[in-house]
Asker: 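Just passing along the structure, written as structure tokens.
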Amino acid sequence: MSILKTYARLWTDDLDRALPLLRELTGAEPDLRLGFEAVELAAIGDFLVIAGPADERAKYAHASATVVVADLDACRATLAAAGATLTTPVTPSPTGRFLYARHADGAEIEYVEWVPELVERLIPR
């Protein structure tokens, strides 16, 4: 199992207000921008910005980071062997599929496997 990218999560009411500063800080445009359920997401640099009403953002606040992996099934096996608990099972998403896991130490992380086109476009080889 290999980790391809790790995102720090940022929370905001308004994605359009958050992005100008992040563009300046990272020197980049968002790699991804999409709606997911009742929130908007943007990946820019090493940040995943989650925007929307506080009650909707709260549904995702239990995870401290988003980690993109090459193989979600291998990741799930590694997590299980280490005593982690899946808090959200493998679920399809617009970018591929994901799961949430609480590690044995209590940390909770979102693990994502991107579709091949995103990996090819966003992960340097």
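Computed from a prediction, not measured in an experiment: that's the story for all the values here.
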Asker: Give a yes or no on whether W11 and L34 share a hydrophobic cluster (residues Ile, Leu, Val, Met, Phe, Trp, Tyr; joining criterion: side-chain heavy atoms under 4.5 Å apart).
Answerer: yes
Asker: With rounding to the nearest 0.5 angstrom, report the CG to CD distance, L19 to E40.
Answerer: 9.0 Å
Asker: What pairs meet the side-chain hydrogen bond (donor to acceptor under 3.5 Å, both in side chains) rule with one or both residues in residues 13-28, with sequence neighbours excluded?
Answerer: D13-R57, D16-R33, R23-E29
Asker: If you round to the nearest 0.5 Å, how far is CG of D73 from OG1 of T78?
Answerer: 11.0 Å
Asker: Quick check: do R9 and Y60 have side-chain heavy atoms less than 4.5 Å from each other?
Answerer: yes
Asker: Give the cluster check for V112 versus V39: same hydrophobic cluster or not, with ILVMFWY residues linked at side-chain heavy-atom distances below 4.5 Å.
Answerer: yes
Asker: May I have the step-by-step check of side chain to side chain contact (heavy atoms under 4.5 Å, CB included) for Y111 and L79, ending in yes or no?
Answerer: CA-CA 10 Å; Y111 292 93; L79 291 164; 3.8 Å; yes
Asker: Quick one: are L99 and T88 in side-chain contact, heavy atoms under 4.5 Å?
Answerer: no
Asker: Not counting sequence neighbours, list each pair that qualifies as a salt bridge (charged side-chain N to carboxylate O under 4.0 Å, His left out) and has a residue in residues 60-70.
Answerer: none
Asker: Provide the closest heavy-atom pair for A104 versus A82 in the form atom of the first, atom of the second, distance.
Answerer: CB-O, 3.8 Å
Asker: Do you know the tightest heavy-atom contact between A38 and P53?
Answerer: O-CD, 4.2 Å
Asker: Which residue pairs satisfy the side-chain hydrogen bond (donor to acceptor under 3.5 Å, both in side chains) criterion with at least one member in residues 113-125, sequence neighbours excluded?
Answerer: R97-E113
Asker: Does F36 share a hydrophobic cluster with Y100, counting links as ILVMFWY side-chain heavy atoms below 4.5 Å and allowing steps through other members?
Answerer: yes
Asker: So which atom in A18 and which in V49 form the shortest heavy-atom distance, rounded to 0.1 Å?
Answerer: CB-CG1, 4.4 Å
Asker: Is there a path of hydrophobic side-chain contacts, each under 4.5 Å between heavy atoms of I/L/V/M/F/W/Y residues, joining V119 to L72?
Answerer: no
Asker: When you compare the side chain of L122 with that of K5, does any pair of heavy atoms fall below 4.5 Å?
Answerer: no
Asker: If you compare all heavy atoms of L48 against all heavy atoms of L41, which two are closest, and at what distance to 0.1 Å?
Answerer: CD1-CB, 4.3 Å
Asker: Between E37 and K59, does any NZ, NE, NH1 or NH2 come within less than 4.0 Å of an OD or OE carboxylate oxygen?
Answerer: no
Asker: Quick one: closest heavy-atom pair of S93 and F98, and the distance?
Answerer: CB-CD2, 3.7 Å
Asker: Do you know which two heavy atoms are closest between T87 and A101, and how far apart they sit?
Answerer: OG1-N, 4.0 Å
Asker: How many angstroms lie between atom OG1 of T66 and atom CG of D46, to the nearest 0.5 angstrom?
Answerer: 12.0 Å
Asker: CZ of R102 to OG1 of T85: how many Å apart, nearest 0.5 Å?
Answerer: 6.5 Å
Asker: Quick check: do V68 and L118 have side-chain heavy atoms less than 4.5 Å from each other?
Answerer: no
Asker: Are V67 and L86 connected, step by step, through hydrophobic side chains (Ile, Leu, Val, Met, Phe, Trp, Tyr) whose heavy atoms are closer than 4.5 Å?
Answerer: yes
